[in-house]
Amino acid sequence: MSEMLDKLLEHKIVAILRGIEDRHADQAARSLIDGGIRLMEITMNTAGAASMIDRWRTHFGDEASIGAGTVIDVELAKEAVAAGAQFLISPNLDEEVIAYGRERGVSVWPGVMTPTEIVKAWKAGADAVKLFPMGTLGIGYLKEIRAPLGDIPILATGGVDLHNIKEYFHAGANAVGMGGKLVPMDSIREGKYEIVTERARAFVDAVRDL
């Protein structure tokens with residue numbers, strides 16, 4: 001089992017930062033860490049993503065693991081790894097990206113939806129898969145596929161909020177990926193970082209004993 005997978009299974013939440021402006025990024029990261037978040041991804045379709053990943057590794061590397069999201073192909077994987085990304089998350093399954101990550105000791109958690117894709121990703125060397133879009137698929141879907149695919153770690157992404165987060169885990173998720181419900185961009189733009197920390201703490205508390 002990889003070190004990053006260990007951390008994913010321990011901390012259970014990946015904070016997804018998409019479209020964050022560079023000037024807000026460091027304070028947002030600090031606020032999430034203060035709330036107990038230990039895995040954060042910046043999506044590669046965010047302007048300046050690589051430089052933010054690089055900076056976060058320097059500033060926050062002792063406190064949190066920093067990854068890249070929306071890594072849809074090998075070119076983006078190379079850019080992310082060069083910036084210091086410790087894990088790569090995709091909305092899609094690209095076996096070249098998995099191979100590239102494995103060669104460099106970087107965890108890859110590809111996006112999958114069907115049982116066929118899940119097993120394909122696992123056989124290609126992914127140590128976890130991102131089940132997406134969970135907001136549309138629903139918790140019932142997760143429960144159904146978990147039964148025959150019990151050994152594959154699942155990062156369920158989409159549709160998670162404070163009211164249903166425990167249901168995701170009871171249905172078979174090993175971890176969840178969270179964007180706007182965890183990282184409120186309006187609060188960040190308004191400089192209300194205490195709201196970010198409070199929200200992070202609420203989610204971290206919700207999964208602590210699962």
Side-chain angles (χ1 to χ4, degrees), residues 1-18 20 25-43 52-53 55-71 80 84-91 101 105-112 121 126-132 134 139 142 146 150-184 188 193 195-210:
M1 190 184 292
S2 73
E3 182 188 351
M4 276 306 121
L5 180 58
D6 281 343
K7 291 187 176 185
L8 181 70
L9 298 178
E10 178 186 355
H11 299 296
K12 300 182 178 71
I13 297 173
V14 179
I16 302 166
L17 292 98
R18 183 186 305 281
I20 191 164
D26 292 3
Q27 190 61 56
R30 178 75 265 159
S31 303
L32 288 165
I33 292 169
D34 288 348
I37 295 298
R38 296 293 175 261
L39 295 109
M40 303 186 295
E41 68 163 274
I42 298 177
T43 66
M52 284 186 251
I53 290 168
R55 208 167 64 233
W56 283 12
R57 284 299 310 279
T58 301
H59 293 340
F60 308 118
D62 293 339
E63 299 175 86
S65 300
I66 312 301
T70 318
V71 181
Q86 293 168 283
F87 56 89
L88 306 176
I89 301 182
S90 312
V106 177
S107 264
V108 181
W109 305 328
V112 295
D127 52 12
V129 296
K130 167 184 168 174
L131 188 61
F132 174 80
M134 273 300 300
I139 290 168
L142 171 59
R146 174 45 91 194
D151 294 334
I152 301 175
I154 291 177
L155 169 66
T157 303
V160 185
D161 60 34
L162 208 48
H163 303 292
N164 67 16
I165 188 166
K166 290 187 178 179
E167 290 178 54
Y168 274 68
F169 287 90
H170 294 322
N174 301 98
V176 293
M178 299 191 61
K181 294 279 173 58
L182 170 61
V183 190
I188 288 169
Y193 293 105
I195 292 174
V196 181
T197 298
E198 285 167 19
R199 190 169 295 190
R201 192 171 289 126
F203 280 107
V204 169
D205 287 347
V207 302
R208 179 165 285 123
D209 300 322
L210 293 173

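None of the values given here were measured: they were computed from a predicted structure. Along the sequence shown, residues are numbered consecutively beginning with 1.
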Derivation and outcome, side chain to side chain contact (heavy atoms under 4.5 Å, CB included), residues Val71 and Val108: CA-CA 9 Å; Val71 181; Val108 181; over 6 Å; no

Quick check for you: to the nearest 0.5 Å, what is the distance between Leu155 atom CG and Phe132 atom CZ? 11.0 Å

Nearest heavy-atom approach of Gln86 to Ser65 is OE1-CA, 3.2 Å

Would you check if the side chain of Asn174 reaches a backbone N or O of Ile154 as a donor-acceptor pair within less than 3.5 Å? yes

Run the side-chain donor-acceptor check on residues 202-210: report pairs under 3.5 Å with partners two or more places apart or on a different chain.
| unit_1 | atom_1 | unit_2 | atom_2 | d |
| --- | --- | --- | --- | --- |
| Asp205 | OD1 | Arg208 | NH1 | 2.6 |

Distance col, row Thr43:OG1 vs Ile16:CD1, nearest 0.5 angstrom, shows 9.0 Å

Shortest non-hydrogen pair, Leu142 vs Ala173, comes out as CD2-N, 3.8 Å

Rounded to the nearest 0.5 Å, what separation is found between the CG atom of Asp6 and the NE2 atom of His11? 9.5 Å

Sequence-distant partners of Ala126, side chain to side chain contact (heavy atoms under 4.5 Å, CB included), two or more places apart: Ile98, Pro110, Ala121

Which side-chain N or O atoms in residues 33-42 pair as donor and acceptor under 3.5 Å with protein atoms at least two apart or in another chain?
| unit_1 | atom_1 | unit_2 | atom_2 | d |
| --- | --- | --- | --- | --- |
| Asp34 | OD1 | Arg30 | NE | 3.1 |
| Asp34 | OD1 | Arg30 | NH2 | 3.0 |
| Arg38 | NH1 | Ile33 | O | 3.0 |

Closest non-hydrogen atom pair between Met4 and Ser107, with its separation: CB-OG, 3.5 Å

Do you know the tightest heavy-atom contact between Ala25 and Trp56? O-CZ2, 3.2 Å

Step by step, work out the side chain to side chain contact (heavy atoms under 4.5 Å, CB included) result for Leu32 and Phe60. CA-CA 11 Å; Leu32 288 165; Phe60 308 118; over 6 Å; no

For Arg55, which residues count as a salt bridge (charged side-chain N to carboxylate O under 4.0 Å, His left out) partner, sequence neighbours excluded? Asp22, Asp26

Nearest 0.5 angstrom please: Phe87 CZ to Ile89 CD1, how far? 5.0 Å

Distance, nearest 0.5 Å, that separates OG of Ser31 from CD of Glu198: 10.5 Å

Taking only residues two or more places apart in sequence, or in another chain, which ones meet Arg18 in a side chain to side chain donor-acceptor pair (under 3.5 Å)? Asn45, Thr70

Non-hydrogen atoms of Ala28 and Val196 that approach each other most closely: O-CG1, 4.4 Å

Would you sort out whether Leu182 and Val160 count as a side chain to side chain contact (heavy atoms under 4.5 Å, CB included), showing the intermediate values? CA-CA 9 Å; Leu182 170 61; Val160 185; over 6 Å; no

Given the rule in the side chain to side chain contact (heavy atoms under 4.5 Å, CB included) test, do Ile188 and Tyr193 qualify, once you have shown the distances and angles that lead to the verdict? CA-CA 6 Å; Ile188 288 169; Tyr193 293 105; 4.0 Å; yes

With sequence neighbours excluded, give me every side chain to side chain donor-acceptor pair (under 3.5 Å) pair touching residues 157-173. none

Do any N or O atoms from the side chain of Arg57 and from the backbone of Ala85 form a donor-acceptor pair under 3.5 angstrom? no

Quick one: does Leu8's side chain get under 4.5 Å of Pro153's, heavy atoms only? no

Distance in Å, Leu162 CG paired with Arg199 CZ, rounded so as to fall on 0.5 Å steps: 9.0 Å

